[in-house]
Amino acid sequence: MRRILSLITGMTLFAGLTAGCGLNAAGGDDGLTIYTARDKALAESVVKDFEEANPEYKGKVRLLTLGAQEAAERISAERGRPQADIWWGGSSQQLDHAANDGVLAPVPDQVRDRIPERYRDEQGRWVGEMILAEVVFYNDQMLTPEQAPKDWDDLIKPEFKDKIIVRDVAASGTMRSIYSAMISRNSTPDNPEPGYEWLRQLDANTKVYAANPTDLYLRIQRQEAPISVWNLQDVMLQQKKSGAPFKPVATTSGVPQLIDGVAKVKDGPNGAAADAFLDFLLSVDEQKKLGEEHFQIPTVEGAGEPSWLAPLGLHEMPVDWELVGGKESEWIAHWSDRIKNQN
């Protein structure tokens, strides 16, 4: 019953959102509906470029910003009457789960072939749009580089108690990936308890869980606490857009790097528009632009490495993403039920 009520509430909300922007409801027209976990300004910029390149869709693209896990659950719940054409922004683990659940359609061959095999589903049911680095960052008006944590394990030291704010985990693909990477890093495949213990100590040092990314940014800027963990792209975008005093840390043991992707929803209202958007989004020119202006690390062959990346001095942390993919739901449910706010 709770799932049914949630779906009805969500569909009512979506109808209100589309009506509010003066567009027709999804289905039966020639528009395009995108569920996205991307930064809102970034997504709107891409849509503007897409509409300029494809004037037949001008004024017909609808964006609904959701957490990646919220988008995954919504697309699954709508499988009987899909409302979205595109799911833009989700981890490879989330996209794999959705593909195996039968709610995604293959992307066009010419789009798939631009992405190296290691960055896409082998059946072409989703493709990686970018490599997303997950980082520790801090407010550099509150801490000096010497005072800031140098590695992930510093976050559980006593001196950082109540100095950490975390975006609530369950609804966020970014946070689910970071926490799962920390469990995998500290555990063996058959025994996650050492990883759970690491998260218990992090929970004890966490001052508050922020409801969403915007809440997280505001709390850190208001100096409620100086430290958090999040994806590098959004940290850099906040620096650029609002002058946020955020500084990413080149953690000693490296940064988890996951594939963040995009997919076409199976039986979405407007498949042709979905194909056109994927072809545009994953073009070399658009990916180069996103890399330089919006801090993306592109997967598309030929797009190259953006100029701002090397000076940060980041290196990759080894993570068994296949293990994470199989265990993430179990691990995050355990954290939600038995660790969060209990230490």
Side-chain angles (χ1 to χ4, degrees), residues 2-7 9-11 13-14 17 33-40 42-43 63-79 82-84 86-104 121 125-126 128-130 132 134 166-184 199 203 206 209-217 228-231 233-234 256-266 268 319 321-341:
R2 180 180 297 176
R3 187 179 183 85
I4 294 172
L5 289 173
S6 176
L7 175 59
T9 301
M11 293 178 71
L13 174 61
F14 181 69
L17 287 171
T33 299
I34 301 171
Y35 291 177
T36 182
R38 288 283 187 271
D39 174 86
K40 184 177 180 181
L42 181 156
L63 284 170
L64 183 59
T65 301
L66 301 163
Q69 186 63 24
E70 293 170 319
E73 293 175 358
R74 187 162 180 147
I75 289 168
S76 179
E78 294 173 346
R79 65 169 64 237
Q83 300 294 297
I86 292 288
W87 172 10
W88 180 20
S91 68
S92 58
Q93 295 78 38
Q94 292 169 318
L95 290 159
D96 267 339
H97 182 82
N100 293 332
D101 198 33
V103 297
L104 303 182
D121 172 58
R125 298 169 297 180
W126 60 267
E129 188 211 352
M130 63 175 174
L132 200 58
E134 314 291 8
V166 172
R167 194 295 200 207
D168 202 5
V169 176
S172 165
T174 289
M175 290 310 308
R176 294 172 72 96
S177 295
I178 292 174
Y179 272 40
S180 295
M182 293 301 110
I183 294 174
S184 174
L199 292 182
D203 181 71
T206 299
Y209 292 95
N212 52 57
T214 300
D215 187 31
L216 172 67
Y217 309 146
S228 191
V229 298
W230 193 237
N231 72 72
Q233 182 187 32
D234 283 354
Q257 293 186 0
L258 56 94
I259 302 168
D260 201 81
V262 60
K264 178 180 177 181
V265 177
K266 184 178 180 180
V319 177
W321 290 115
E322 184 174 351
L323 174 65
V324 169
K327 294 290 188 178
E328 180 185 290
S329 296
E330 173 189 330
W331 290 346
I332 299 304
H334 182 96
W335 176 83
S336 296
D337 295 340
R338 301 184 184 182
I339 297 176
K340 181 185 177 184
N341 288 327

**Prompt:** Under the side chain to side chain donor-acceptor pair (under 3.5 Å) criterion, do Q69 and Q94 qualify, and how do the steps go?
**Reply:** CA-CA 7 Å; Q69 186 63 24; Q94 292 169 318; 2.9 Å; yes
Task: Worked verdict on I34 versus L64 for side-chain contact (heavy atoms from CB on, under 4.5 Å) - done: CA-CA 6 Å; I34 301 171; L64 183 59; over 6 Å; no
Report task. Please report the C-alpha distance between I86 and V262 in whole Å, then the side-chain angles of each, then the deciding distance to 0.1 Å, and finally whether the side-chain contact (heavy atoms from CB on, under 4.5 Å) criterion is met. Result -> CA-CA 7 Å; I86 292 288; V262 60; 3.9 Å; yes
- Task: Go through the steps for L258 and S92 under the test side-chain contact (heavy atoms from CB on, under 4.5 Å), then give the verdict.
- Result: CA-CA 7 Å; L258 56 94; S92 58; 5.6 Å; no
Fill in: Test side chain to side chain donor-acceptor pair (under 3.5 Å) applied to Y35 and E78, step by step
CA-CA 12 Å; Y35 291 177; E78 294 173 346; 3.0 Å; yes
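In terms of the side-chain contact (heavy atoms from CB on, under 4.5 Å) criterion, residue partners of S172 (sequence neighbours excluded) are, by chain and number, R167, T174, M175, W230. Applying the salt bridge (charged side-chain N to carboxylate O under 4.0 Å, His left out) rule to D168 yields the partners K340; only residues at least two apart in sequence or on another chain are considered. Applying the side-chain contact (heavy atoms from CB on, under 4.5 Å) rule to S329 yields the partners R176; only residues at least two apart in sequence or on another chain are considered. Taking E70 as the reference, L66, A171 meet the side-chain contact (heavy atoms from CB on, under 4.5 Å) condition, with sequence neighbours excluded. Applying the side-chain hydrogen bond (donor to acceptor under 3.5 Å, both in side chains) criterion to Q233, with sequence neighbours excluded, gives Q296. Residues passing the side-chain contact (heavy atoms from CB on, under 4.5 Å) test with N212 are T214, D215, sequence neighbours excluded. Residues that satisfy the side-chain hydrogen bond (donor to acceptor under 3.5 Å, both in side chains) test with D203, not counting sequence neighbours, are Y209, N343. Partners of D39 by side-chain hydrogen bond (donor to acceptor under 3.5 Å, both in side chains), not counting sequence neighbours, listed by chain and number: K241. Take H97 and apply the ring-ring contact (aromatic ring centres under 6.0 Å, His included) test, not counting sequence neighbours, and it matches no residue. Annotation: side-chain hydrogen bond (donor to acceptor under 3.5 Å, both in side chains) contacts of K327 (sequence neighbours excluded): none.
Atom CZ of R38 sits about 11.5 Å away from atom OG1 of T65, to the nearest 0.5 Å.
Closest of all the heavy-atom pairs between S177 and E134 is CB-OE2, 4.5 Å. A68 and W87 get closest at one heavy-atom pair: O-CZ2, 3.8 Å. In plain terms, the two heavy atoms of A99 and L104 that are nearest each other are N-CD1, 3.7 Å. Taking every heavy atom of both residues into account, T36 and A43 meet most closely at CG2-CB, 4.3 Å. Smallest separation of non-hydrogen atoms from D260 and G89: OD2-CA, 3.4 Å. In this structure, S184 and L323 approach most closely via the heavy-atom pair OG-CD2, 4.1 Å.
Inter-residue side-chain proximity for V319 and V324 is flagged as met; some heavy-atom pair is nearer than 4.5 Å. For the pair W321/S91, no side-chain contact is recorded, criterion being any heavy-atom separation below 4.5 Å from C-beta on. Between R79 and D101 there is a side-chain heavy-atom pair separated by less than 4.5 Å.
A donor and an acceptor atom, one from each side chain of W88 and E129, are located under 3.5 Å apart.
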Give every donor-acceptor pair under 3.5 Å between a side-chain atom in residues 330-338 and any protein atom, sequence neighbours left out.
residue : atom : partner : partner atom : Å
S336    : OG   : I332    : O            : 3.1

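In summary, D96 and R125 do not engage in a salt bridge, as defined by a charged side-chain N under 4.0 Å from a carboxylate O.
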